[in-house]
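Below: the structure, in C-alpha cells.
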Amino acid sequence: MTTIRAARTADVRAIRDLIDVYSADGSLLSKATVTIFEQIQEFLVAEIDGTVIGCGALHVMWEDLAEVRTLAVRPDQARHGIGSQILEQLLTNARELGIKRVFCLTFMKEFFGRHGFVEIDDTLVGHDVYEQLLQSYDEGVAEFLGLERVKPNTLGNFRMLRESL
C-alpha cells in the first residue's frame with residue numbers, strides 16, 4: 001500500500017535520486033542538494049514499505065498562487081497512480097493554504113490535463129506582483145516569470161494552470 005506523507009530530512013537522498021533519474025534527460029530540472037534540504041517542508045513523498053518511490057513539492061509564490069514542482073515517481077513504479085496521489089495531496093494542501101491557482105511548468109501535458117490543468121501562455125500576475133516576484137532568488141520563480149536567463153531551462157515545456165481549487 002502506498003502512503004503519501006510530508007517529507008523529512010532523512011528523505012532528501014531518495015528525493016535527490018528521483019531528481020537525478022529525470023534530470024538526466026531534461027524532464028526535471030536538477031536541484032542542488034542544499035536546496036532540497038532548504039525546501040524539504042514543501043515536499044511530500046510516496047512510500048511503500050518504508051521505501052520512497054515518489055515525491056512532489058508545492059511552492060507558494062504569492063497570496064493566491066503556488067507551483068507544483070519536482071513531481072517524480074520511480075520508473076519501476078510509474079503508471080500505477082502514484083503521481084496522481086501525490087498531485088492530489090499537493091492540491092489539497094494548496095486549498096488548505098487558501099491558494100486558488102496552481103501553476104506547473106511541465107513536459108507532462110496530458111498527465112496534468114487529466115487533473116484539471118490547462119495550458120496557458122500569459123502572465124498570471126499583475127504588474128505590481130510581477131515586480132515583487134522579480135526580487136525572489138528562487139530559480140523556479142524566474143522560470144515562472146519567463147526571464148531570459150532561464151529560457152534554456154524551459155524550452156519545450158508547457159505552462160499549465162489549475163484555477164478555482
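Each residue takes its place number in the sequence, starting with 1. All of these numbers come straight from a predicted model, not from anything done at the bench.
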Report summary line: Rounding to 0.5 Å, atoms CZ (Phe111) and OG (Ser84) come to a distance of 4.0 Å

Query raised in the report: Have His59 and Glu42 got a donor and an acceptor in their side chains that come within less than 3.5 Å?
Result: yes

Query raised in the report: For the side chain of Tyr22 and the backbone of Val73, is there at least one donor-acceptor N/O pair under 3.5 Å apart?
Result: yes

Query raised in the report: Does any non-hydrogen side-chain atom of Glu88 lie less than 4.5 Å from one of Leu91?
Result: yes

Query raised in the report: Taking atom CZ of Arg13 and atom CG of Leu18, what is their separation to the nearest 0.5 Å?
Result: 14.5 Å

Query - ILVMFWY cluster, Ile4 and Phe43 together (side-chain gap under 4.5 Å) - result: no

Query raised in the report: Any side-chain heavy-atom pair from Glu67 and Val102 closer than 4.5 angstrom?
Result: no

Query raised in the report: Which of these, Met160, Arg69, Arg159, sits in a side chain to side chain contact (heavy atoms under 4.5 Å, CB included) with Thr106?
Result: Met160

Requested in this report: Determine whether more than 12 heavy atoms belonging to other residues, nucleotides or ligands lie under 6.0 Å from atom CG of Asp49.
Outcome: no

Query raised in the report: Mind checking whether Phe37 and Thr9 have side chains closer than 4.5 Å, heavy atoms only?
Result: yes

**Report entry** Close side-chain approach of Ile53 to Glu47, heavy-atom, < 4.5 Å
**Finding:** no

Query - Carboxylate-amine/guanidinium contact Asp64 Lys100, below 4.0 Å - result: no

Query raised in the report: Rounded to the nearest 0.5 Å, how far does CD of Glu110 lie from CZ of Phe117?
Result: 14.5 Å

Query raised in the report: Can you check whether Ile19's main-chain N or O pairs, donor with acceptor, with Ser23's side chain at less than 3.5 Å?
Result: yes

Report task. For Leu28 and Thr70, work out which heavy atoms get closest and say how close. Result -> CD2-CA, 4.0 Å

Query - Interatomic spacing from CD1 in Ile99 to CZ in Arg162 - rounded to 0.5 Å - result: 13.5 Å

Query raised in the report: Counting N and O atoms only, with roles assigned by atom type, does the side chain of Arg5 sit under 3.5 Å from a partner on the main chain of Ala46, one being a donor and the other an acceptor?
Result: no

Query - Approximate separation, where rounding is to 0.5 Å, of Cys55 SG and Ile15 CD1 - result: 5.5 Å

Query raised in the report: If we only count heavy atoms from C-beta on, is the Phe112 to Val68 side-chain gap below 4.5 Å?
Result: yes

Query raised in the report: Hey, any chance Val12 and Val21 share a hydrophobic cluster, counting ILVMFWY side chains that come within less than 4.5 Å of each other, even indirectly?
Result: no

Requested in this report: With the side chain counted from C-beta on, respond yes when Lys109 and Glu119 share a heavy-atom pair under 4.5 Å apart, and no when they do not.
Outcome: yes

Query raised in the report: Are Ile48 and Leu71 connected in the hydrophobic side-chain network, where two residues link if heavy atoms are under 4.5 Å apart?
Result: yes

Report summary line: The single option from Thr2, Leu90, Leu44 that satisfies side chain to side chain contact (heavy atoms under 4.5 Å, CB included) with Gln85 is Thr2

Query raised in the report: Got a sec, which pairs hit salt bridge (charged side-chain N to carboxylate O under 4.0 Å, His left out) with one end in residues 19-37, sequence neighbours left out?
Result: Arg16-Asp20

Query raised in the report: Do Val52 and Leu87 share a hydrophobic cluster (ILVMFWY, side-chain heavy atoms under 4.5 Å, transitive)?
Result: no

Query raised in the report: Would Ile86 and Leu97 show up in the same hydrophobic cluster when neighbours are defined by side-chain heavy atoms closer than 4.5 Å?
Result: yes

Requested in this report: Give a yes or no on whether the backbone of Ala78 and the side-chain of His80 come within a donor-acceptor separation of less than 3.5 Å.
Outcome: yes

